Amino acid sequence: MSLIQTIKEIAVQSVKIAFDHEVTSQDISVNDTKAEFEGEYTIVTFGLTKILRKKPEEIAEALGAEMKNNSLIADYNIIKGFLNLSISDASYLDYLKKSLHQDWNSIIPKQGKKIMVEFSSPNTNKPLHFGHLRNNFLGDAVSRIYEAAGYNVCKANLINDRGIHICKSMLAWQKFGEGATPESTGTKGDHLVGEYYVKFNNEYKKEIAILTEQGKTEKEAEREAPLFLEAQEMLRKWEAGDKEVVGLWETMNQWVYDGFDKTYESLGITFDRVYHESKTYLLGKAQVDAGLAKGVFFKKEDGSVWINLEADGLDEKLVLRADGTSVYITQDIGTAELKFEDEAMQRSVYVIGDEQNYHMKVLKLILEKLEKPYAPGVHHLSYGMVELPHGKMKSREGTAVDADDMIAEMLQIAQDNTEALGKVDGFTEAALSELYNTIGLGALKFYLLRVDPKKKMIFNPEESIDFQGFTGPFVQYTHARLSSILRKAGDIGTTMSETINADEKSLIYQLEKFATVIEQAAEEYNPSLICNYIFNLAKNMNSFLANNQILNADSDAEKNTRLYIAQHTKNTIAKGLNVLGISAPERM
RNA sequence: GGUUCCGUAGCUCAGCUGGAUAGAGCAUCAGAUUUCUAAUCUGACGGUCGCGCGUUCGAAUCGCGCCGGGAUCACCA
């Protein structure tokens, strides 16, 4: 049980003794004590005035006196209606000793529940850009956070490998590619295909311009441009199983997969299951038939199938075309069923940008109306777009910041900084390369994860990502410092101090909150809470190191106590970074 | 227009299930290195929490109305 929860329980019992009144722990409001007052936790008694029919000061006084009988509470003071509690040194030291047996793989014990996290979900017509990195890092981090929160996690990737946009790249390659391959051009496969996607759109724009000059409206021109018609024809051929088209599709997709594999590897991201839309897009039809029989869906005269969501404040939504072909949502209904057959999970998270909020709302509603057992567990982890100072990143216009370029640049900056600081001594070539990877990726991941997911964020490529202050390298650096001290210390003795100073208390106090933060981050699907937590912890630790000696402490007991704190802080930082998908270096 | 998200220091962001004098990082300025890693630490400067009204002991936080910005409202995915 967390310390804050324990305090609430004690308060509940104390209220019963002092006022002969039954309250629950939810009636007790406990906050962190403001820095300028004595104590660590504060009970706000205003909320109890109505229940107990007494003045705040009276409640605080009687409650404080009663709570002090518990050995956890060393002292209390009252300011207005605020009851500030000081926790006893012995309690903090007890916690510190217990923490040595912490299971760092799963901070919270396993509960036998399973969660699937779908993320990344790339299109196979272009390489990943900076915005996609936010998706990948979020999905990976949330997966790891749930793992630490006691869930069994299945990471899934649903590859969007069919549709008109894929045909666009294919068509442009056919027309302008002159047989270029990744090998012949020395280009990474996803980048090569992406070039033709941009090429298509450039040529397409030219055709539209010509048509509008001839007096067509914008919309007419878009629909009548020869390239667009050809792309549509290609999609029809693909759906019909045309050998040549399918062959080209397989070849070019493979180029992209090879490229993605390299990117995922450099990001340190893996998946437990990979789904392909080309294989799942037909699965939804059976679900639609079943829903039709149930009366959840209805058929229009032309044979198209719809659902009426007006009662839920939405419109009618198409779920199957008149010609029997599936739309986006049909595929999603099918995939949801397939996922559940595969994993029978309690929760299913979709990491998808906030431009699809409406779509995901519709999907969840449909699954609920179909009375799917997994419907309540569906959660859309909606995140804001990453924007450039000039506007959104668009692959088709070639304005996106490429993910591979960004990674390479971060590694380079990591190397430059390390060399400039003269910290390369004692490293082998391979260890240095690993270190640059650790620091560069750490900076990148932390940068994208430190902001609340639902907020859009602006990234200015002109300003490089920082390595100082609220950053990954700052936290990593603290870990390396602690590692260094602990290496020098060797085995830690068992005798410990009886009392602790304010700096020590502050650290233990903070360390105790880690499990609660993990829980909260999981509940809110929000890795930024971890970023904030470990940054503050690292800051506190650095400050501690500036004011306190560890290896040259006044006594063995004090030294041991501080080494335990250092060890626990190091472990906590390492685990905190780990759930963000960031490595913690032993030296840097 | 409907729905929805956002608006906090020069910049990037915390805080939002109501609590005490609103916090960090960057930037700027001033300091700290014979001592466990200075990618660090200490301090200063910096705010009508978009605006207004309401709810109440108490509002950055909750409600309503404005203003400003984004997303979405496809037989595209």
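What's counted below: heavy atoms across the whole structure, side chains too, no hydrogens, waters or symmetry copies. Just so it is clear: chains get the letters A, B, ... in the order the sequence lines come, proteins before strands, and each one is counted from 1. Quick caveat, the model's predicted, so the values are computed rather than measured.
- With A/Thr478 contributing its side chain and A/Phe474 its backbone, the two residues share a donor-acceptor pair below 3.5 Å.
- Stacking annotation: A/Phe37 is stacked on the base of B/A20 (ring centroids less than 5.5 angstrom apart, interplanar angle below 30 degrees).
- Annotation: cation-pi pair A/Lys54/A/Phe46 absent, no NZ/CZ under 6.0 Å from the ring centroid and within 45° of its normal.
- Contact annotation for A/Leu482: no contact, since no heavy-atom pair falls under 4.0 Å across all strands.
- A/Phe535 does not carry A/Arg450 over the face of its six-membered ring by the limits of under 6.0 Å from the centre and within 45° of the normal.
- No donor-acceptor contact under 3.5 Å links the side chain of A/Asp315 to the base of B/A74.
- Distances shown here put a side-chain N or O of A/Lys423 below 4.0 Å from the OP1 or OP2 atom of B/A39.
- Atom pair A/Arg450:CZ and B/U12:P shows a separation of 11 Å (rounding to whole Å applied).
- Only the P atoms considered, B/G47 is 13 Å distant from B/A22, to the nearest whole Å.
- For the P atom pair drawn from B/A60 and B/U48, the interatomic distance equals 14 Å after rounding to whole Å.
- The base of B/A20 sits within donor-acceptor range of the side chain of A/Thr42, with an N or O pair under 3.5 Å.
- For the pair A/Lys539 NZ and B/G25 P, the computed distance is 5 Å after rounding to whole Å.
- Side-chain N/O atoms of A/Lys317 include none lying less than 4.0 angstrom from OP1 or OP2 on B/C73.
- Considering only side-chain N and O atoms, A/Thr49 lies nowhere under 4.0 angstrom from the phosphate OP1 or OP2 of B/C57.
- Toward the 5′ end of RNA chain B lies the nearest nucleotide of A/Leu83, the other residue of the pair A/Leu83 and A/Lys456 mapping further downstream.
- Toward the 5' end of RNA chain B, the nearer of the two residues A/Phe82 and A/Thr478, judged by each one's closest nucleotide, is A/Phe82.
- A/Tyr328 has no side-chain polar atom (N or O) that falls below the 4.0 Å cut-off from OP1 or OP2 of B/A77.
- Protein atom CZ of A/Phe467 is 16 Å distant from nucleotide atom C1' of B/G25, rounded to whole Å.
- In terms of phosphate contacts, A/Lys455 brings a side-chain nitrogen or oxygen within less than 4.0 Å of OP1 or OP2 of B/G7.
- Checking A/Glu277 against A/Tyr328 by side-chain atom types alone, no donor-acceptor pair falls below 3.5 Å.
- On the P atoms, B/U17 is 11 Å away from B/U61, given to the nearest whole Å.
- Nucleotide B/U40 holds its P atom 14 Å from the CZ atom of A/Phe470, rounded to whole Å.
- Using a 4.0 Å cut-off between charged nitrogen and carboxylate oxygen, A/Lys570 and A/Glu586 count as a salt-bridge pair.
- Dashed line: the shortest gap from a side-chain N or O of A/Arg587 to OP1 or OP2 of B/C36 is not under 4.0 Å.
- Both tests hold for A/Lys300 against A/Trp306: distance to the six-membered ring centre under 6.0 Å, angle to the ring axis within 45°.
- Applying the 4.0 Å criterion to OP1 and OP2 of B/U37, one finds that A/Ser484 has a side-chain N or O inside that range.
- A/Leu545 comes within 4.0 angstrom of a nucleotide base, judged by non-hydrogen atoms across all strands.
- If you take CG of A/Asp466 and C1' of B/A24, they are 14 Å apart, rounded to a whole angstrom.
- For A/Tyr525 and A/His379, the gap between ring centers is short of 6.0 Å.
- Using Watson-Crick or G-U wobble geometry with both donor-acceptor distances under 3.5 Å, B/C45 finds no partner in any strand shown.
- Taking atom CG on A/Asn201 and atom C1' on B/C76, their separation rounds to 13 Å, with Å as the unit.
- Residue A/Asp302 places a side-chain atom within donor-acceptor reach of the base of B/C75, judged by atom type and a 3.5 Å distance cut-off alone.
- For B/A14, the base has no donor-acceptor partner in the side chain of A/Ser528 [N/O atoms by modelled type, under 3.5 angstrom].
- A close approach under 4.0 Å does occur between a side-chain nitrogen or oxygen of A/Arg481 and OP1 or OP2 of B/A38.
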